[in-house]
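Notes follow once the structure below has been shown.
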Number of protein chains: 2
Amino acid sequence: MGTHYKGDDGEVRALDAYIKLIRAADSVAARVQRHESVLGLTATQFGALEALLHLGPLCQRELGEKLLKSGGNITLVVDNLEKHGMVVRQRDQADRRFVTVYLTDAGRARIAALMPGHVAEVVRALSALSPREQEELGRLCRRLGLGTAAEGQGTPPCR
Amino acid sequence: MGTHYKGDDGEVRALDAYIKLIRAADSVAARVQRHESVLGLTATQFGALEALLHLGPLCQRELGEKLLKSGGNITLVVDNLEKHGMVVRQRDQADRRFVTVYLTDAGRARIAALMPGHVAEVVRALSALSPREQEELGRLCRRLGLGTAAEGQGTPPCR
DNA sequence: ATCGAATGGTTGAACATTGATTCATTAACG
DNA sequence: CGTTAATGAATCAATGTTCAACCATTCGAT
């Protein structure tokens, strides 16, 4: 199990941790997302709604940073959410480059209704670890994320 | 920072760990993959070559399991690797449903040449953690991955 | 005030990924 | 045997994602 690469201890240790980290994230994300996508939302759409719900209106650049997605992608995601009436765009009057994205009532209702199930699924996915272990995992992961990630660590990317 | 969801302690703890896990994996994977993709390989192509290098020839179904990717995707990935002469397909004579994928000499040389840089980048990405912490992270992640993931935990998915 | 750099957003091409369908082959079972 | 089920792979449409090019807007020098 783990890595088959021949190298010194430090390399094998890092590779092993790396593989397990990626696999765990994939596994947990897949499990959680199953419950979102069934309801007609992609993971990124869900993440966007959730960010808007918990952080309030955001411009598209901010949304992209929170979700770790490219600008072009955010344009499409917001397009689709807007098409479905979950969200509205509005040009910022002060600085007309910005487009602020607002949750509609329908969007707020939708994401609010989805959250309990989402939370329950996350809790369930992490139930393999004790509370103390979950905290330890969070601590370790936070230090890893600091390296490259956009600093805004507000809201879940949801892949 | 972390989660903005209002809920009981267990929920907040799980959500927080979840977010950080996903972000850390994204962040580390992005960093590592930057060094692979610059050289003309997608993450999945790299993962496939690496699996073949360390595990020997595999059929496409096995490859899909190792990489956590769909069958249709594997067909395309192998197509592209074959086009570039990194890999050859061969029908299994015993059971003609199987197609075994072999590394060519060129493919072996290519992945072998890439590995040291890959390993160095993984080591670097995980250097925020001490050896002991890396082991702890691996231990926690392994227990999370067990929930849903395909059991074959041989080789890195690389997203 | 103006010109150039930087920033936010959009667009379009390229591509990876999935999921459903289909086909060939093998296995199982009567 | 022969039919049916199961398995591995290929194919195709649909979609999410990224990246580069581009436009509009603002900001900063001079």
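Protein chains get the first letters and strands the later ones, always in sequence-line order, with residue 1 at the start of each.
- Rounding to whole angstrom units, CG of residue B:Leu63 and C1' of D:dG8 are separated by 13 Å.
- Per the geometry, CZ belonging to B:Arg96 stands 18 Å off P belonging to C:dC23, to the nearest Å.
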(request) Can you check each nucleotide of nucleotides 4-13 of chain C against protein heavy atoms at under 4.0 Å and return B for base, S for sugar-phosphate only, - for none, in 5' to 3' order? (result) --BBSSBB--
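- Distance alone, capped at 3.5 Å, places no donor-acceptor pair between the A:Arg89 side chain and the A:Val101 backbone.
- If you find the closest nucleotide of DNA chain D to A:Ser70 and to A:Asp95, the one lying nearer the 5' end belongs to A:Ser70.
- Contact annotation for B:Ala30: no contact, since no heavy-atom pair falls under 4.0 Å across all strands.
- As a whole-Å value, the separation of B:Phe46 CZ from C:dA16 C1' is 18 Å.
- Note: CD (B:Glu82) to P (D:dA9) measures 13 Å, nearest angstrom.
- The backbone N or O of B:Asp92 lies less than 3.5 Å from no partner atom in the side chain of B:Thr100, so there is not a single donor-acceptor pair.
- Separating the CG atom of B:Leu68 from the C1' atom of C:dA16 is a distance of 16 Å, rounded to the nearest angstrom.
- In this structure, A:Met115 and A:Phe46 have side chains that are in contact, with non-hydrogen atoms separated by less than 4.5 Å.
- With A:Arg91 contributing its side chain and A:Arg97 its backbone, the two residues share a donor-acceptor pair below 3.5 Å.
- Within the 3.5 Å criterion, the main-chain N or O of A:Arg31 finds no donor-acceptor partner in the side chain of A:His35.
- B:Gln45 contributes no side-chain N or O that, together with a main-chain N or O of B:Leu81, makes up a donor-acceptor pair within less than 3.5 Å.
- For B:Gln33 and D:dC19, the CD to P distance is 11 Å, given to the nearest whole Å.
- For B:Thr44 and C:dT17, the shortest distance from a side-chain N or O to OP1 or OP2 is below 4.0 Å.
- If you take NZ of B:Lys83 and P of C:dA14, they are 14 Å apart, rounded to a whole angstrom.
- In terms of modelled atom types and a separation under 3.5 Å, the side chain of B:Glu11 and the main chain of B:Asp8 share a donor-acceptor contact.
- As a whole-Å value, the separation of B:Gln93 CD from C:dT25 C1' is 13 Å.
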